[in-house]
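The next block holds one structure in the form of structure tokens; read it before the comments.
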Amino acid sequence: MVKLRIILSLACFFPMLIQAASLLQGRVCDSQENGLFSVLVCLKHQQNCCCYSDTQGYFSLEIPDTATDDSLFLFFVGYKALNIPLKGLNYSSLLEFKLQEDNRMLNAALIEHNPRLSEAFSLQKVDKMDIYLSPVSDGDPLKAVSFLPASSNTAENANPEFRGSPASASQVLLNGISITAPVRNTQLSGMGNFSLFNTELIGDMTIYAGNPPLSRANALSGLVEINTCNEIEKNETQLAFSMANAGLFRAQKLGKEAFVQGYANHQFSEPYLFFNSGGNKIKSFRTDDAGLNFRWEKDVLFINLYAYGISESFRAEDYAFGKNVATTAQKLRQFNVLNLGWHKDCYYVELNSGNNLSRSDFALGILQSVQKEKEWKTSLNIKFLPLDFLLLQTGLAAEYLSLDFKTDKPAYAFSMSDSVPLLHQDTSIACFIPEAVLYAKLQLPGQITLGLGLRKKILSEKLPSYLSYQLNLRKKFDEEHSFLISAGNYQSCFYPVYRYTRFSLQTSRQMSLEYTYEGEQLFIQTAAYLKREKSPSYFGPEYKMKILQREILGLECSAEYEWSRFRASFSYTLLKASIEADNCRYKAENDLPCFLKAYCSYTGKHLLSLSCSGVYRMGLRYTPVESGHYVAGAYAFEPQYGALNSQRYTPYFRLDLSLNQVVFGKNQRRLVLFATVGNILNRKNQKACLYSPDYSSLIAYSHYQGRRYYLGAQLSF
């Protein structure tokens, strides 16, 4: 109770930090009254007196008493500048300023600087402010994706899962290079603590929920494409502090042609676990990471380098096969992504290259595993405009992956006894995957956009030869209504894990129909899709990985409405999923007849933002254990399973609350205070069954995260 009072007192203190009433307060919007973000607001003759509007267009500017004869100057790229004398402004009320679009067009028709041919067929495009404003993201890019209607993630982590497919079927690209295992081991709610990516370095993020573009990567079911910033507005330093993290970020221009962004974080567990200890199996965690992004661009050429390194450790307690066991994990990792680009007139050439080096140490009870990974990836793409209505991309891609596994595991997978014999496994494997790519986008009469893609493995080695192909067609009836029809046949490599130490091919055939309505305040999207997939999956009753066939029929409906300072959304998803094993078909774990997501947010005129989000879905299916059979050599009971996925956990329900306060100071200083309460009802959502050691009875359930608190601040100057 004392901890709760402390947290509530701190949260209630946030609104008291609002600036004095002497500030000039206003809102900048376009002709449709949509708020404009990052508009420069300053005094014309005092350059140090300035600020930027927030994501809703609101700003607060302190006006010196000596500036009575000055003018207020508002500037934003793509809009006509506004100049207003201060004498005519009413300081006692919230002022509104409308900027008019500057519609000057270039006379020459040139190919864009970095054309993304498939972007017209994406589900959604997100920038970094969308990530920060998401009520469930805690400022993390991949965690923000989990609240999209097309996301079918049910594990409360940041792994991208779309439309019923497993995380192994999705890919995350950073500047054109796929990043293996983009999520940290530590599962902690907090800004930037889930994925490997710093939100401040993100220029945009494009999400493809189904039929991912073959022009970018050989993903199977979903794709998250992250691109770093092409430019920065100003030099900036950020200091971040929270219950579990201390971080430093710096953005610095290097003349007119280059800039660099760097950051470092230290994550610690003591304050977080002190306030969130109830029912928490996490014992400790630690993370130290650092990243750097450098970009140089001049005329027709650019170079971009992203480098990142992380050291992390994690310790928890788990219950496995009738016994409490300790879980520990340690990881060292470093990866780089280098991009070179050249463009002239209607031609664009890009070379992307990346490498990944890591070592992971993992222990679950008596099971011990060490994995070393070396990975190199590269792609060469040529994009050109042979006709006014046709964009083409062709190129080559290659990937080399080398893995080394050293594992000591029990001879009987169902035993965690200290007396059970151990099996030692020492495996080194490698695979080289070269591919050829051809993609075309046609702009046809009647506002029809057609996309065609081919991706073929050109040399056979560890994997059989394959050909992936796709078709996307978008029809726009006007500026508000559009339909998208997509279909394709996809193949990709399943990366080995300690349970399955070999390379194999996973496949998917899918088709979908989507409708989108995009009004000034209302956004509606619906989708129906059918997928048939085949990939290695862990098969619990036999304690091993098997090639399983999966069939998914889904329906999505979502709506988002924005009015003044309010924003609300609601989505419904139906997943009819089944798997086939040993010539028998069963319901899949994530066969969900009801999956609901909703959120609402309000931003006050003093930049106090309050948001609430909720998730409701049917419980996952599971295979019950009916009895146990004692095995002398294992020194343990072997569970005897019932019908596969014949039972279902109780419905899952969760409410989250977020409070943010933005305080502007002098000389462009900005302080952001945030507080979140996750699972505010402290609902016990069932996650797994816990049985007695002899499996004669069900003794309890393990649960997802209970109520959690998180507080922090970010200072920018």
Do [X] and [Y] have side-chain N/O donor and acceptor atoms under 3.5 Å apart?
X: S658; Y: N660; answer: yes
X: R565; Y: T603; answer: no
X: N293; Y: N304; answer: yes
X: N175; Y: T228; answer: yes
X: Y599; Y: S611; answer: no
X: R216; Y: Y208; answer: no

Inset, instruction - Starting from the C-alpha separation in whole Å, work towards a yes-or-no answer on side chain to side chain contact (heavy atoms under 4.5 Å, CB included) for T676 and R708. - result: CA-CA 8 Å; T676 62; R708 61 167 179 85; 3.5 Å; yes
Is any side-chain heavy atom of [Y] closer than 4.5 Å to one of [X]?
X: E200; Y: Y263; answer: no
X: V337; Y: N352; answer: no
X: K383; Y: L391; answer: no
X: L99; Y: V28; answer: yes
X: E225; Y: D204; answer: no
X: L72; Y: L24; answer: yes
X: N381; Y: Y348; answer: no
X: F275; Y: Y710; answer: no

Holding to side chain to side chain contact (heavy atoms under 4.5 Å, CB included), I want the full list of residues that pass it with [X], two or more places apart in sequence or in another chain.
X: K298; answer: E257, W296
X: H481; answer: F477, D478, Y515, Y517
X: A598; answer: F570
X: A264; answer: A290

Legend entry - Residues in salt bridge (charged side-chain N to carboxylate O under 4.0 Å, His left out) contact with E560, at least two apart in sequence or another chain: R567
Inset, instruction - With sequence neighbours excluded, tell me which residues meet salt bridge (charged side-chain N to carboxylate O under 4.0 Å, His left out) with K476. - result: E479
Distance from [X] atom [atom1] to [Y] atom [atom2], nearest 0.5 Å?
X: L86; Y: D70; atom1: CG; atom2: CG; value: 5.5 Å
X: E480; Y: T516; atom1: CD; atom2: OG1; value: 12.5 Å
X: T206; Y: L223; atom1: OG1; atom2: CG; value: 9.0 Å
X: N245; Y: T287; atom1: CG; atom2: OG1; value: 8.5 Å
X: S60; Y: R670; atom1: OG; atom2: CZ; value: 12.5 Å
X: L338; Y: I303; atom1: CG; atom2: CD1; value: 7.5 Å

Nearest heavy atoms of [X] and [Y], plus distance in Å:
X: E514; Y: A527; result: CG-CB, 3.6 Å
X: L671; Y: A713; result: CD1-CB, 4.3 Å
X: F259; Y: N230; result: CE2-O, 3.4 Å
X: A251; Y: Q261; result: CB-CG, 4.2 Å
X: A158; Y: K143; result: CB-N, 4.0 Å
X: C612; Y: L657; result: CB-CD1, 4.2 Å

Qualifying residues under side-chain hydrogen bond (donor to acceptor under 3.5 Å, both in side chains), relative to [X], sequence neighbours excluded:
X: Q334; value: N336
X: Y561; value: none
X: S482; value: R474
X: Q443; value: T449

Inset, instruction - Begin from the C-alpha positions of F162 and V224 and carry the test side chain to side chain contact (heavy atoms under 4.5 Å, CB included) through to its verdict. - result: CA-CA 10 Å; F162 296 106; V224 179; 3.9 Å; yes
Legend entry - Partners passing ring pair (Phe, Tyr, Trp, His ring centres under 6.0 Å) against F335 (at least two apart in sequence or in another chain): Y308
Legend entry - ring pair (Phe, Tyr, Trp, His ring centres under 6.0 Å) partners of F241, counting only residues at least two apart: none
Inset, instruction - Go through the steps for T237 and L715 under the test side chain to side chain contact (heavy atoms under 4.5 Å, CB included), then give the verdict. - result: CA-CA 8 Å; T237 300; L715 176 65; over 6 Å; no
Inset, instruction - Apply side chain to side chain contact (heavy atoms under 4.5 Å, CB included) to the pair F523 and S569, showing each step before the final yes or no. - result: CA-CA 9 Å; F523 178 83; S569 77; over 6 Å; no
Inset, instruction - Take the angle between the ring planes of W563 and F566 and call it parallel below 30°, perpendicular above 60°, tilted in between. - result: parallel
